[in-house]
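Heads up: numbering here begins at 1 and tracks the sequence. If you're wondering where the values come from, they're calculated on a predicted model, not measured in any experiment. When a ligand or atom number is given, it counts from 1 through the structure's own listing order.
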Amino acid sequence: MDHNKLALPVGTTLDRFIMRKQEDFPYATGELSQLLRDIALAAKIVNREINRSGLIDIAGAYGNRNVQGEDVQKLDVIANIRFIRALRNGGEVCTIISEEEQEMIQTGNHQGKYVVAIDPLDGSSNIDVNVSIGTIFSIYRRVSPTGSEGTEQDCLQPGTHQVAAGYVIYGSSTMLVYTTGNGVNGFTYEPSLGEFFLSHPNITIPKTGSIYSINEGISESFTPATAAFVKHCKDQNYSARYIGSLVADFHRNLLKGGIYMYPATKKSPEGKLRLMYECNTLAFIVEQAGGKSSNGQIRTMEIEPKGLHDRCPFFIGSTELVEKAEEFMASEFSNSSAPAV
Ligand SMILES: O=P(O)(O)OC[C@H]1O[C@](O)(COP(=O)(O)O)[C@@H](O)[C@@H]1O
Ligand SMILES: [Mg+2]
Ligand SMILES: [Mg+2]
């Protein structure tokens, strides 16, 4: 008997993978590696809270509204605290942009070289009903010199300046998926060992697909071009899939092919999703996986941010489907950079 079969290897841990990748960069100093480990640690703690949220009193609303005007859930607050604390204690991050905080968060780490934009808990409407939710994060290198707090200029950088982007999906299994600009890799959490293991190396999104994801419950508010593209998807007999957690809808399409859309609507002319910690992040990942993302016309990562919580129309997924959607949206961009809604 081949004794190796007696003790099959458990796989490559996230830590080991980060270290190996760091070796690819002779001048790397290990700070970004440490930052990724800090995020992974906070994700493990938040995962534990989520897994037992039905047993302990952390279900339901927290009782106030965030800067987006949304009812904040207790788990939104818990995840926000856990990630901010991990980033502050890790020492690599000078400033944080969080969905749950109106202003930039200064960590006090003046020597910190990085800025993190984070959606601590994505899919808040699905928290208490045991449907997949997530965390979304983007990492930028500060542009101002170290030695002081991060500035607005450090925070309001276009998506093309991201040095890393990732998400955690708390679903039937918990996964961390990220890129540092050299492809996309996915790690599955093994709770009994407390480790993330490489389970999805070099993820690539199929060039096309037959899944479309959009909230048709707001179709009354769709623009004519959006309505026409949705009709096109139906005429193609594509399957409609909409979980209502951006991370989960994106993750499915990343693996199977498809398009996720949260367009500009009459009700929300800028769309709903946030540029800095939802759209840019997933745009970097999908492009690294061979897919595409835009606001229906402009590449998402080339949109100049003006505010920490800017929203933008969002079309993301398989290249051929996003390009098809852009063909339909072109009529609404004919004379401006924003869709006429
Ligand atoms: O209920 P709607 O309008 O379809 O919006 C659902 C979208 O809103 C979000 O919940 C917004 O994110 P948050 O939960 O982080 O606020 C996305 O995850 C999801 O795709
Ligand atoms: Mg979100
Ligand atoms: Mg959120």
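Contact annotation: for Ser124 versus ligand 1, heavy atoms closer than 4.0 Å belong to both the backbone and the side chain. Contacts with ligand 1 closer than 4.0 Å are made by side-chain heavy atoms of Arg274 only, the backbone lying farther away. Residue contacts with ligand 1, taken as heavy atom pairs separated by less than 4.0 Å, do not involve Ile218 at all. Contacts with ligand 1 closer than 4.0 Å are made by no heavy atom of Phe250, backbone or side chain.
For Glu99, the N, O or S atom with the smallest separation from the Mg ion (ligand 3) is OE1. For Glu278, the N, O or S atom with the smallest separation from the Mg ion (ligand 2) is OE2. Nearest N/O/S atom of Asp119 with respect to the Mg ion (ligand 3) is recorded as OD1. The Mg ion (ligand 2) is closest to atom OD1 of Asp122 (considering only N, O or S atoms).
In this structure the side chain of Ile139 reaches within 4.5 angstrom of the side chain of Leu32, judged on heavy atoms.
Scanning the protein for heavy atoms near atom 3 (O) of ligand 1, the closest one is Tyr262 OH, 2.6 Å. Nearest to atom 15 (O) of ligand 1 among the protein's heavy atoms is Asp119 OD2, 2.9 Å. For atom 19 (C) of ligand 1, the closest heavy atom belonging to the protein is Gly244 O, 3.3 Å. The nearest protein atom to atom 7 (C) of ligand 1, hydrogens excluded, is given as Lys272 NZ, 3.9 Å; this is a heavy-atom distance. In terms of protein heavy-atom proximity, atom 16 (O) of ligand 1 is closest to Glu99 OE2, 2.9 Å. Counting protein heavy atoms only, atom 6 (C) of ligand 1 is closest to Tyr242 OH, 3.4 Å.
Remark: Arg82 engages Glu49 in a salt bridge, criterion side-chain N to carboxylate O under 4.0 Å. Between Glu99 and Arg274, at least one side-chain nitrogen of the basic residue sits less than 4.0 Å from a carboxylate oxygen of the acidic one, meeting the salt-bridge criterion. Checked for salt-bridge contact, Arg311 and Glu278 miss the test: no charged N lies under 4.0 Å from a carboxylate O.
In terms of polar-atom proximity, Tyr260 is counted as a contact of ligand 1, with an N or O under 3.5 Å from an N or O of the ligand.
Interface of Gly123 with ligand 1, defined as ligand atoms under 4.0 Å from a residue heavy atom, comprises 10 (O), 13 (P), 14 (O), 15 (O), 18 (O). Listed by atom number, the atoms of ligand 1 under 4.0 Å from Leu246 heavy atoms are 17 (C), 18 (O), 19 (C), 20 (O). Under a 4.0 Å criterion applied to the non-hydrogen atoms of Ser245, ligand 1 contributes the atoms 18 (O), 20 (O). Close approach to Leu121 involves these atoms of ligand 1, each under 4.0 Å from a residue heavy atom: 15 (O). When each atom of ligand 1 is checked for a heavy atom of Glu70 under 4.0 Å away, the hits are 16 (O).
Ring-centre distance between His251 and Tyr167: below the 6.0 Å cut-off. For Phe328 and Phe229, the ring centers sit closer than 6.0 Å to each other. Taking the ring centroids of Phe314 and Tyr262, they lie at or beyond the 6.0 Å cut-off.
Among the backbone and side-chain atoms of Gly123, none of the N, O or S atoms lies under 2.8 Å from the Mg ion (ligand 3). Among the backbone and side-chain atoms of Asp76, no N/O/S atom is found under 2.8 Å from the Mg ion (ligand 3).
Not a single donor-acceptor pair under 3.5 Å links the side chain of Gln111 to the backbone N or O of Thr146. Counting only distance, with no hydrogens or angles, the side chain of Glu332 and the backbone of Ala225 share a donor-acceptor pair below 3.5 Å.
Taking only non-hydrogen atoms, the option from Asn215, Val247, Asp122, Ile214 nearest to atom 17 (C) of ligand 1 is Asp122.
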Would you please test Tyr238 and Leu321 for side-chain contact (heavy atoms from CB on, under 4.5 Å) and show each step? CA-CA 11 Å; Tyr238 293 164; Leu321 295 179; 3.6 Å; yes
I would like to know whether Phe315 and Asn295 meet side-chain contact (heavy atoms from CB on, under 4.5 Å); could you show each step before the answer? CA-CA 6 Å; Phe315 296 79; Asn295 69 354; 5.7 Å; no
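To the nearest 0.5 Å, atom CD of residue Glu92 and atom NZ of residue Lys113 are 8.0 Å apart. Put simply, NZ on Lys272 and CG on Leu246 are 10.0 Å apart, with the number rounded to the nearest 0.5 Å.
Screening Glu323, Glu326, Arg299 for a side chain to side chain donor-acceptor pair (under 3.5 Å) with Ser294, the sole residue that qualifies is Glu326.
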